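Keep in mind it's a predicted model, so treat the numbers as computed, not measured. Computation of the quantities below employed the complete heavy-atom set of this structure, encompassing side-chain atoms and omitting hydrogens, waters and symmetry-equivalent molecules.
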Amino acid sequence: MAQKPLLTQEQLKKKLEISNFEPNAILRGAQLTIVGAHRALQNPALFTSSHYKQAAIAVAVGIAIRIAIAIPIIGIKVLLWFLSFIFTFEHATWDENIVGGLDFIEKYVLQVPFFLMTLLRYVTPTLDNMFMDSLAWVDKTYYAKHKGEDPSRLRAEYYPNLREYPIRDGSTHTTSTAEAISMFLMRFGKRAGISLAVFALSYIPYVGRLVLPAASFYTFNKAAGLGPAAVVFGTGLFLPRRYLVIFLQSYFSSRSLMRELLEPYFSRVKFTKEQKKHWFHDREGLLFGFGLGFYIFQRIPLLGVLIYGIAEASTAYLITKVTDPPPKPAESEGFAASQQEWKNKHEFLNLRLSDIDTGRHLSRPRPESSTLSTQGNSSGAFSDDPPPYTEMRSR
């Protein structure tokens, strides 16, 4: 009797599939970083007095973060300086290794600057306001670009309906700020603890060399699939520890950044934990490219917090490319479940770069009964209420 294989050829092919994390999707995400930032910076609403004030505060916070991060390092340097009067460090290098190691752990293992910046979301509603203001601007520029075209072939608006949704925490679905902050601190604490443990285990003789590649394989296999995980594992065997840590933490931080940037959307449209997981998985490559671009930019000294605000505004543009326009809250039953799959994924990934900002061939046609009202609404709202989402979906 022939032994049954553990995996059939089709099952193995499916496991090795990288369609959600293909290079083209990552490249499109990086392109959206630039296009989204350019679109956000064109919005005159971002340059009001209130936003100027927030920008000044952001820069000041950036300076405070840099000082707060530097204090422990300076303290250790001062301690070593005092010890140099007692011990001779002239031919020793361990003191420099301690300072350099602490700086590396702080920036790349624990991600302290990134943590402090993302924590600001729960202190002030400015980022949420920037997201919604930018979403209204994206709607307005979309209709201005397609002025004179058949309204029935244009997509519906995002901002008018989304602003009517009640705001809850995207993970807990509660309105409690304290609970949202506690969940964020738990997520960061868990990630920081695991990062420290893995980094420490990588120094174990003989087997330590395999710790980081094995950890990267486990994480990538859960997030992107067996194919990308195998590539990362094989590459990690030959990369120096320092560069592998930087790569892994850049990946994890870009994912965490996207989770925080998308919070204004998920705090309004209620997804279950499983639905949200599928939503992220189907857009994994694009979100990685988008998040990585802004993660690199936000590491600019002092201006990192300001870049974070631009990233939030740009995320409003991203939402219009990877989701459908939301229905009214009363008609939203089944909408979140329908958004788990990125419906125009193949069309978007196959667009030419020059067409990435048009959305002409990607948008779902509007209901024929809807007409564009140009009076009394700067973002081009419809004069008639749209039909329920289930009816639009059947059409």
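Proximity of Leu262 to Lys276: side-chain heavy atoms (C-beta onward) are nowhere separated by under 4.5 Å. In this structure, Tyr143 and Glu157 have side chains that are in contact, with non-hydrogen atoms separated by less than 4.5 Å. Side-chain contact between Asn129 and Met132 is absent, with no heavy atoms from C-beta onward closer than 4.5 Å. With a 4.5 Å cut-off on side-chain heavy atoms, Leu162 and Val269 count as touching.
In this structure a side-chain-to-backbone donor-acceptor pair under 3.5 Å is missing from Ser254 to Gly291. A donor-acceptor pair under 3.5 Å links the side-chain atoms of Ser267 to the main chain of Pro264, judged by distance alone. Between the side chain of Ser332 and the backbone N or O of Phe335 there is no donor-acceptor pair closer than 3.5 Å. Side chain of Ser134 to backbone of Phe131: no donor-acceptor contact under 3.5 angstrom is found.
Linking Ile, Leu, Val, Met, Phe, Trp and Tyr whenever their side-chain heavy atoms come within less than 4.5 Å puts Ile296 and Ile307 in one cluster. Note on Leu257 and Ile194: same hydrophobic cluster, where clusters join Ile, Leu, Val, Met, Phe, Trp and Tyr whose side-chain heavy atoms are under 4.5 Å apart, directly or indirectly. In this structure, Val138 is not a member of the same hydrophobic cluster as Ile34, with clusters built from ILVMFWY side-chain heavy atoms closer than 4.5 Å. When the side chains of ILVMFWY residues are joined at heavy-atom separations under 4.5 Å, either directly or via intervening members, Ile319 and Leu41 end up in a single hydrophobic cluster. Under the 4.5 Å side-chain heavy-atom criterion for grouping Ile, Leu, Val, Met, Phe, Trp and Tyr, Leu349 is connected to Ile26 within one hydrophobic cluster.
Here the straight-line distance linking atom CD1 of Ile310 with atom CZ of Phe294 works out to 7.5 Å at 0.5 Å rounding. Separating the CZ atom in Arg255 from the CZ atom in Phe252 is a distance of 8.0 Å, to the nearest 0.5 Å. To the nearest 0.5 Å, the span separating CG on Leu27 from CG on Leu286 amounts to 10.0 Å. Between Leu244 atom CG and Thr235 atom OG1 the span is 9.0 Å, to the nearest 0.5 Å. Here the CG-OG distance, from Leu212 to Ser202, works out to 4.5 Å after rounding to the nearest 0.5 Å. Distance CZ/Arg209 to CD1/Ile204: 14.0 Å, rounded to 0.5 Å.
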(request) Would you sort out whether Asp282 and His278 count as a side-chain contact (heavy atoms from CB on, under 4.5 Å), showing the intermediate values? (result) CA-CA 6 Å; Asp282 202 44; His278 290 159; over 6 Å; no

(request) Could you check Thr315 against Phe290 for side-chain contact (heavy atoms from CB on, under 4.5 Å), going step by step and ending with a plain yes or no? (result) CA-CA 9 Å; Thr315 305; Phe290 185 87; 3.8 Å; yes

(request) Would you check, one step at a time, whether the test side-chain contact (heavy atoms from CB on, under 4.5 Å) holds for Tyr159 with Lys140? (result) CA-CA 10 Å; Tyr159 174 74; Lys140 181 178 180 179; over 6 Å; no

(request) Could you walk me through whether Leu287 and Trp279 pass side-chain contact (heavy atoms from CB on, under 4.5 Å), step by step? (result) CA-CA 11 Å; Leu287 296 179; Trp279 191 97; 3.9 Å; yes

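The heavy-atom pair separating Gln42 from Trp137 by the smallest distance is O-CZ2, 3.3 Å. Smallest separation of non-hydrogen atoms from Tyr295 and Ser253: CE1-CB, 3.4 Å. Annotation for Ile167 and Arg268: closest pair CD1-NH2, 3.2 Å, computed over non-hydrogen atoms. A pairwise comparison of heavy atoms in Asn161 and Pro329 identifies O-CD, 4.2 Å as the closest pair. Nearest heavy-atom pair, Ala337 versus Gln275, reported as atom, atom and distance to 0.1 Å: CB-NE2, 3.5 Å. Closest of all the heavy-atom pairs between Pro160 and Arg163 is O-CG, 3.2 Å.
Within the structure, side-chain hydrogen bond (donor to acceptor under 3.5 Å, both in side chains) pairs that include any residue of residues 23-37 comprise Arg28-Gln31 (at least two apart or interchain).
Classification of the Phe271-Phe266 ring pair by plane angle, with boundaries at 30° and 60°, yields perpendicular. Between Tyr251 and Phe288, the angle of the ring planes lies from 30° to 60°, which puts this pair in the tilted group.
Ring-centre distance between Tyr243 and Phe247: not below the 6.0 Å cut-off.
If you check the side chains of Gln339 and Asp324, you find a donor sitting under 3.5 Å from an acceptor.
For Asp139 and Arg155, the salt-bridge test passes: some basic side-chain N is under 4.0 Å from an acidic carboxylate O.
Residues that satisfy the ring pair (Phe, Tyr, Trp, His ring centres under 6.0 Å) test with Tyr265, not counting sequence neighbours, are absent from this structure. The ring pair (Phe, Tyr, Trp, His ring centres under 6.0 Å) check on Tyr158 picks up nothing, with sequence neighbours excluded. Legend: residues meeting salt bridge (Lys or Arg N to Asp or Glu O under 4.0 Å) with Glu341, ordered by chain and number and at least two apart, are absent. Not a single salt bridge (Lys or Arg N to Asp or Glu O under 4.0 Å) links Arg283 to another residue, sequence neighbours left out. Among residues two or more places apart in sequence or in another chain, the ring pair (Phe, Tyr, Trp, His ring centres under 6.0 Å) test is passed with Tyr206 by none.
Within 6.0 Å of the CZ atom in Phe297, the count of heavy atoms belonging to other residues, nucleotides or ligands does not exceed 12.
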